[in-house]
Amino acid sequence: MAQVTLIEAVTMALAHEMARDPSVVVLGEDVGVNGGVFRATVGLQEKFGELRVIDTPLDETTIAGVTVGLAAQGMKPVAEAQFEGFIYPMMEQIACHAARMRNRTRGRLSVPAVWRAPWGGGIHAPEHHSEANEHLFTNIPGLRVVLPSSPSRAYGLLLAAIRDPDPVIFFEPKRIYRQYKEEVPDDGEALPLDVCFVLRDGTDVTLVTWGAQVKETLEAADALAAEGISAEVIDVATLKPLDFDTIHESVKKTGRCVIVHEAPRTAGFGAEIAARLAEQAMYDLLAPVERVTGYDTHIPLFRLEMKYLPSVERIVAAAKRTLAAS
Amino acid sequence: MAQVTLIEAVTMALAHEMARDPSVVVLGEDVGVNGGVFRATVGLQEKFGELRVIDTPLDETTIAGVTVGLAAQGMKPVAEAQFEGFIYPMMEQIACHAARMRNRTRGRLSVPAVWRAPWGGGIHAPEHHSEANEHLFTNIPGLRVVLPSSPSRAYGLLLAAIRDPDPVIFFEPKRIYRQYKEEVPDDGEALPLDVCFVLRDGTDVTLVTWGAQVKETLEAADALAAEGISAEVIDVATLKPLDFDTIHESVKKTGRCVIVHEAPRTAGFGAEIAARLAEQAMYDLLAPVERVTGYDTHIPLFRLEMKYLPSVERIVAAAKRTLAAS
Amino acid sequence: MSIAATFEIEYLQYLDPEGKPVRKDFPEFTRDLDHMVELYKLMVSTRVFDTKSIALQRTGKLGTYASCLGHEAAHVGIGSAMRREDVLAPSYREYGAQLYRGVQPREVYLYWGGDERGNDFQNAPKHDFAWSVPIGTQCLHAAGAALAFKIRGEQRVAVCTIGDGGSSKGDFYGAINIAGAQNLPLVAVIVNNQWAISVPRRIQTGAKTLAQKGLAAGLFAIQVDGNDIIAVRKAMDDALARARSGQGGTVIEAVTYRLGDHTTADDARRYRSEAEVKEAWTRDPVKRLRAWLESKKAWDAKKEEAWKAECEAWMDEEVNAYLKTRAQPVEAMFDYLYAELPADLAQQREQAIALERGH
Amino acid sequence: MSIAATFEIEYLQYLDPEGKPVRKDFPEFTRDLDHMVELYKLMVSTRVFDTKSIALQRTGKLGTYASCLGHEAAHVGIGSAMRREDVLAPSYREYGAQLYRGVQPREVYLYWGGDERGNDFQNAPKHDFAWSVPIGTQCLHAAGAALAFKIRGEQRVAVCTIGDGGSSKGDFYGAINIAGAQNLPLVAVIVNNQWAISVPRRIQTGAKTLAQKGLAAGLFAIQVDGNDIIAVRKAMDDALARARSGQGGTVIEAVTYRLGDHTTADDARRYRSEAEVKEAWTRDPVKRLRAWLESKKAWDAKKEEAWKAECEAWMDEEVNAYLKTRAQPVEAMFDYLYAELPADLAQQREQAIALERGH
Ligand SMILES: Cc1ncc(C[n+]2csc(CCOP(=O)(O)OP(=O)(O)O)c2C)c(N)n1
Ligand SMILES: Cc1ncc(C[n+]2csc(CCOP(=O)(O)OP(=O)(O)O)c2C)c(N)n1
Ligand SMILES: [Mg+2]
Ligand SMILES: [Mg+2]
C-alpha cells in the first residue's frame, strides 16, 4: 500500500481509471510532458500516450468546449483548469452545455466529464492563483461539485467523479496538496459522491467545512477539546448535491453550528448550509449559526493572504460564541 | 411627466445620463440601429451617434473586456448582454478585472462600468433566454448587483449604477419589462444602491424578493390580506451590497420570513438572506425561514416554465406555514 | 523584402444567379442528375417546411422560430455531403442539413414549441448535436467530436456550422485553432448570410473574407457561393475527404443571404432596406438550381407542382403529429437532469408533482 | 480559379545574430547612435534587473517571478517606440517596455513580492494597465482603450503584448477583431518566445506564422526578428504611425526565445533540451545589438563595464527600497475595493482590525 499525498492520490486515481477505462482521456495546459504545473498528471503521457493525455492550446474556452464534445461522443474526459482563477472562460460551456446536455436532449446525449482545478489560497502564489470560487457552480443545476480534503478522499472521490455519468467539478485544495501522506490502497474503490464525511465525533458544537480549511477546523476542534469542548467536524466534500442530513443529524445532537470556508462570506456556499439550518433545524439550534469565512474582499496578494483566510483562532472564537449564546 | 414601462424607464435613464455625461457610452450586440432586441436602447444611436452607441462584434468576451478597457481609460461604458444566458463569456473580465482593478492598483485605475442584461423567465422565450443567474456575481467582491422591479426603480437605480464609480451588474426582469406603466419624472434623481425597498407594510410575515417575482409576491400579500394575514413585502433591489438591516427590522416585527426568488434554490441568493437570519435574527424568528424558489433544475423550455417559477399559490402556502409553525 | 508566408483564398462558384454555368469543370457528382434532383427536392421541402413553421408561429402554435429562408443551398449542401456516421454540430437554423440527416419537422416544431423532446432525434443520427443557441459554442463540440474520432482512430468527420456573426466569437477561433494544432477532422462552415440580427457583416469584422479566418489556424480555407449548391457541395466533399484521410480541417465560407427576419421575434425592416432584400432575392438558391435542372431537362413545372404538393402533405402530417404530442408531465424537468436523481432533488420533484395534483 | 483574396506576411530583420546588417535600408532612427545606445543600455539594465529578481526569489525575498531573459529586444523595442500618452497593456513579463515607461524595479518587486502597491505606478503613466495574469485579457483592455481614444478623438495608441500561447486565447482574437471592425488604434504584439510554459509553439497552433492571425481580423500583419531591436522598433514605429493617423491596427509577431524558465516556479529542463536553449543563446538580443554598436564604435567593453556597474547600483537601491517598504495594514484589503466601503464590509473591516490587534 502506498503512502501518498493528496496530489499523488489524484495522479493515482487518474492512472488507475485510465488503465481501467480506455475512454478516459486527460486534457489541459501543460498536462503532458510537464505533468501539470502541480505534477498532478505526471507520468500519464508516458504511460498512455499523446492521444490520451493532451496538451491543449492556451484557451480555457477551448478546453471546456472540447471536453463537452469529447464527452458527448463517448469519451470520458478529465479536463484541467490550471488554477481555479482561470476557470471563468469555461463557464459558458459548463453552465450552458455540460450541465444541460442530458436534460436538453431528454437523455440522448450526456456529458460524463470531470473538470479538475487546483483551488484556494495559502501557497504564496501570484494574483489569480488563490481563489476559492466554488460558488460559481453550486447554483447550477445538473452539476456535481466536489472538494476532497485528504489523500484517500481525493482518490476515492476522483474515481467516482470520473465514473459518474454526469459532469463533475472537482476542486483540489492546493494548500494541502502535499501537507501529509496517508496510506491509500490503489484498489479502484470509489467513494460516494453524495455524502458528507464526519471526521470527528463531538457533542457540543458542529463544525462544518470543506477543502483545505478542514485542517484549521480539525485543529480548532483540538483546541476546543483542550478546553473541554467537544466539537464534531464534518467535511462536506460534495457540495452539490448536498448531503444535508448528515449535517442536520449532527446539529440535532449539538444544537450549535459553525460553518467554515475560505471563499468570501456573502453568497458563499456556507450560506446554503446556514439557510437549510434556518429552514429545517430551527428548533434544534440552541444558538445562532456562525460563519467563519474569507472576508467579502478579494484574497489579497500573499503578504496579507493568511490574514484573509479563516484561522484556528477565528474558528475557536466562533465555536465559543455559539456556546456562550445558549 | 411620462408614463413609462420598466423598459422605457431604462431607455430614459440611459438617454438622460448620456446627455448629461459625455463619457457615457453604450455598447453591445444590436444596441445601435436596432435599438436592442428588447428596444432598451431605442433612439440612442440616432441621438448620440455611432461613436457613443456601438454595435460590437458578436463576442461577449470582447464586449466585457472592451468595457473594462473603456472604463479604465476614463469612459463610463454601459455594456449590454443580450440575455442573462449569454453573460458567461463575460465572467472572466468581470471577476478578474472589473471587480479587481481598483483593488489591484490601489485605486490608480478603476472600472466605473455597468453591465446590463435582461433577466429571468416567463416570456415564452427559447432556450438560454430565461435564466436567473444573479448568483454568479453575488459572491464576487468588488461588484454591485442590482435588480430593479418597477419603472421608477429601474430609472433611479440605473442612473445610480451608471454614476457609481465601481462596476455594477444590472439585471432587468424582462417578464415585467412592459407589465405596467408608472409616472417616472425624467429628473435625473438617482436612487441609493445600498437599500432594500419596503413595498408594503405588514406585521405578520415578511416576504422578501426581487425582480419579476415582486409581482407574484405582492399578489400573494393581497391574497394573504384577504385572509386577514398582514404581509410586509420587501424588494431587495440591490443584492450586493445587501441592506440586511431593512430585512432584519421587518423580521423583528413579524417574526416570520419567506424569501422568494426564481433562481434555483440551492446556493441561490435567498440562501444568503436566510443565512443572515440564522446568524443574526434567530431570537426574532417565530418560525423557520421559508424559501420559495425555482427548483434545482434548469428552467424548462416554455411549455413547462410557469410550473418552474414560484407562483402566488406557493408563496401564500409558505407564508401560511410560517404562521402555522408558531 | 523577405516573405514569411503567402496565402490565397479561392472563391468557388459553378452556377450564376440564373443557373448558368460559369465554368466548365463541373464536379463528378453533378452528372448524377437523379441525385441533383434529390438535392433540389430537399431544398424545396426545406422551404415549404420553413413557410409552415412561420405560419405556425404566427398562429400562436410555436414560440420564437428562426427561419432558414435563403439558406437552402448552404444547408442542404452541407447535410448531403456528410455521412451518417459523421457528426453535425449545428447552430439553430440549419434545418436543410438536419432534414437530410433525418431530423423530423415535428422535432423542430417541438423544440421551438417549448418542448425539450424536439432534441431527442428519433431518425437522425443519435450522435448528432442538438440545436445550439449560445453562439459559437457548437464549434467546440465539433472539435471535441473530431478529437474523439482521432483518439479512437475512426474515419469520421465533425462538421459545425456558424454564422457570420458567430465567427467573431472566441469559440469559433478556439475550435479551428485546436483543429489545426491537433490536425483534427473538422469542417467548419461559416454560413455568411450578411447579418447577425441587425448587425451587418461590415460591422462584424474588418476581414475581407470570412474564409481567411481559417488562415489564423493554419486550416484550408475557401469561400464559396453559398447560393450555389454545387459549389457548397464540392467544397464540402473536398473538405470531408481531406479530413477523413487525416489531412486536416477546413474553414468554408458560404456566402448567402438571410432573406427573412432573424427570427419571428425580429423585424428586419428596422435595420435593412427592402431594396437590399429584393436584390438578394435575385440570387435565390432554389430558383438557381431549378433553372439548371430545367436546362438539363431534369425538372419541370409539373414536377415542381407535384413535389410541392407532396411537401405540403408531409408538413401537414408533421404539424398534426406535433400538435397531437401530449405535454410532458411536470416531473419531466427533473427526470433528465442527472442519470440518477440526487436525494434532495427527489424531494423537490415530489413537491412539484403534489402541487400539480392540487396537493 | 477565382481568387477572393491574397495575402503576404513579411518577415523583417536588419541584424543577423552576429549583429551584421542583413539589408541596407536601415530605418532613420538607427542613425541616431546616442538613441541606439540608450536602447542598448535599457536592454542591459533590464537584464541586470532580471538577474537581481531571480536572486531575490531564490533567497526567499520574492514570490514566484516571471523572468524576461531573452526578451529584451522585443520588450525595449515596444516600450521605446511608444509615446507617454499611449497606453500599454502588458501581460506579466514585459519589464523592458515598462522600465522604459517609468515603472520602477521596486514596483515590480512589490508586485511579485505579494504587495498590491507594486501596481500603483508612481513614475510610469498613470493610465498604463497593471500586470495582467489571466492570459489574453489585457488585449481587450487595450482594444477598449483604443476605442476610448477613437471616441474622444485623441491621437493615442493602445499597445498590448501577448505570448505565443496567449495568442490562442479567444480574447486575443476578440481584441484584434474589434480593432479591425472599428478601425481602432491598436497594436497587438505577439511575443513569440516558442514556449507557453511547457507547451511548444508547434502544439499551440497549426498556423505557419503567428502574424497571420492578424489576417483573420483584417489587420496589418508582420513577423519580425524579435531578437533584433531594430526590426521590432521599425515595425512598432510603422504600426504606431498608422494607428495614430487612423489607418488601423497591426499585429506584430516578434520571434524570440524564452531563455529562462517560465517562472521561478518552473523547471524547464523537464520539457525542453539544453541543446535547444544553448542554440537559442546564439541569437541573444543583447549581444547582437552590442556587436552592432561596437561595429559603429558607439560602445565598448569599458562602457559596458561602467554601465553594468551603474545598473547594479541602481538595482541595489531598488532592492533596498523594496525591502524597506513597510507592510500594508490588514485593512488594506478592504480600502481599495470600492470607492466607498459598503456598510456591511465596514463591519468586516473592523473585525479584521480587531483580530489583528488581538481583539
Ligand atoms: C453567446 C450568444 N450571444 C448572443 C446571442 C443572441 N443572438 C442570437 S442569434 C444572434 C446573431 C447571430 O448571427 P449569425 O452568427 O450571423 O447567425 P445567423 O443568425 O445570421 O444565422 C445573436 C446575437 C446568442 N444566442 N448567444
Ligand atoms: C487564462 C489563463 N490560463 C492559464 C494561465 C496559466 N499560465 C500562466 S503563463 C502561461 C503560459 C503563457 O504562455 P505565453 O502566452 O506563450 O507567454 P509567455 O509566458 O511565454 O510569455 C499559462 C498557461 C493563466 N495565467 N491565465
Ligand atoms: Mg448571419
Ligand atoms: Mg510564450
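Chain A is the first sequence line, chain B the second, and so forth, proteins listed ahead of strands; every chain is numbered from 1. Excluded from the calculations below are hydrogen atoms, water molecules and symmetry mates; all remaining heavy atoms, backbone and side chain alike, are included.
Looking at Val133(C), there are no atoms closer than 4.5 Å to chain A (heavy atoms on both sides), in backbone or side chain. When heavy atoms are compared at a cutoff of 4.5 Å, Pro165(A) approaches chain C solely by way of its side chain, counted from C-beta outward. For Ala332(C), the parts sitting under 4.5 Å from any heavy atom of chain A are the backbone and the side chain alike. Neither the backbone nor the side chain of Phe334(C) comes within contact range of chain A, judged by heavy atoms closer than 4.5 Å. At a 4.5 Å heavy-atom cutoff, Asp243(A) makes no contact with chain C through either its backbone or its side chain. With a 4.5 angstrom heavy-atom cutoff, Asp59(A) touches chain C only via side-chain atoms. Residue contact with chain A, scored on non-hydrogen atoms closer than 4.5 Å, involves the backbone and the side chain of Phe129(C) alike.
Closest approach of Asn177(C) and Pro57(A) over heavy atoms only: ND2-CB, 3.5 Å. The minimum heavy-atom distance between Asp128(C) and Arg108(A), with the atom names listed, is O-NH1, 2.6 Å. Here the shortest heavy-atom pairing between Thr61(A) and Asp171(C) reads CG2-OD2, 3.7 Å.
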task = Apply side chain to side chain donor-acceptor pair (under 3.5 Å) to the pair His141(C) and Gln73(A), showing each step before the final yes or no.
result = CA-CA 9 Å; His141(C) 303 163; Gln73(A) 299 296 328; over 6 Å; no

request  = Apply side chain to side chain contact (heavy atoms under 4.5 Å, CB included) to Leu70(A) and Ile151(C), showing your working.
outcome  = CA-CA 10 Å; Leu70(A) 281 166; Ile151(C) 294 169; 4.0 Å; yes

task = Give the C-alpha distance, both sets of side-chain angles, the deciding distance and a yes or no for side chain to side chain contact (heavy atoms under 4.5 Å, CB included) between Leu140(C) and Val68(A).
result = CA-CA 8 Å; Leu140(C) 287 165; Val68(A) 169; over 6 Å; no

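Interface check for chain C: of the options Met75(A), Arg52(A), His97(A), the most heavy-atom pairs under 4.5 Å are formed by His97(A). Among Leu143(A), Ile63(A), Val25(A), the residue with the largest count of heavy-atom pairs under 4.5 Å with chain C is Leu143(A). No other option in Pro167(A), Gly74(A), Pro241(A), Gly142(A) has as many heavy-atom pairs under 4.5 Å with chain C as Gly142(A). Here Arg152(C) is the residue among Arg117(C), Lys150(C), Arg152(C) with the most heavy-atom pairs under 4.5 Å with chain A. The choice from Val66(A), Thr56(A), Leu27(A) that makes the most heavy-atom pairs within less than 4.5 Å of chain C is Val66(A).
Rounding to the nearest 0.5 Å places OG of Ser132(C) at 6.5 Å from CZ of Arg104(A).
The closest side-chain heavy-atom distance from Arg106(A) to Asn119(C) is not below 4.5 Å.
For Glu50(A), the CD atom counts as loosely surrounded, since its 6.0 Å shell holds 12 or fewer non-hydrogen atoms of other residues, nucleotides or ligands. Annotation: Gln247(C), atom CD; neighbour count of heavy atoms from other residues, nucleotides and ligands within 6.0 Å is above 12.
Interface residues of residues 336-352 of chain C toward chain A, defined by a heavy-atom distance below 4.5 Å and sorted by number: Tyr336(C), Leu337(C), Tyr338(C), Ala339(C), Glu340(C), Pro342(C), Asp344(C).
Under a 4.0 Å N-O distance rule, the pair Arg100(A)/Glu116(C) does not qualify as a salt bridge.
In terms of the side-chain hydrogen bond (donor to acceptor under 3.5 Å, both in side chains) criterion, Tyr109(C) has no residue partners (sequence neighbours excluded).
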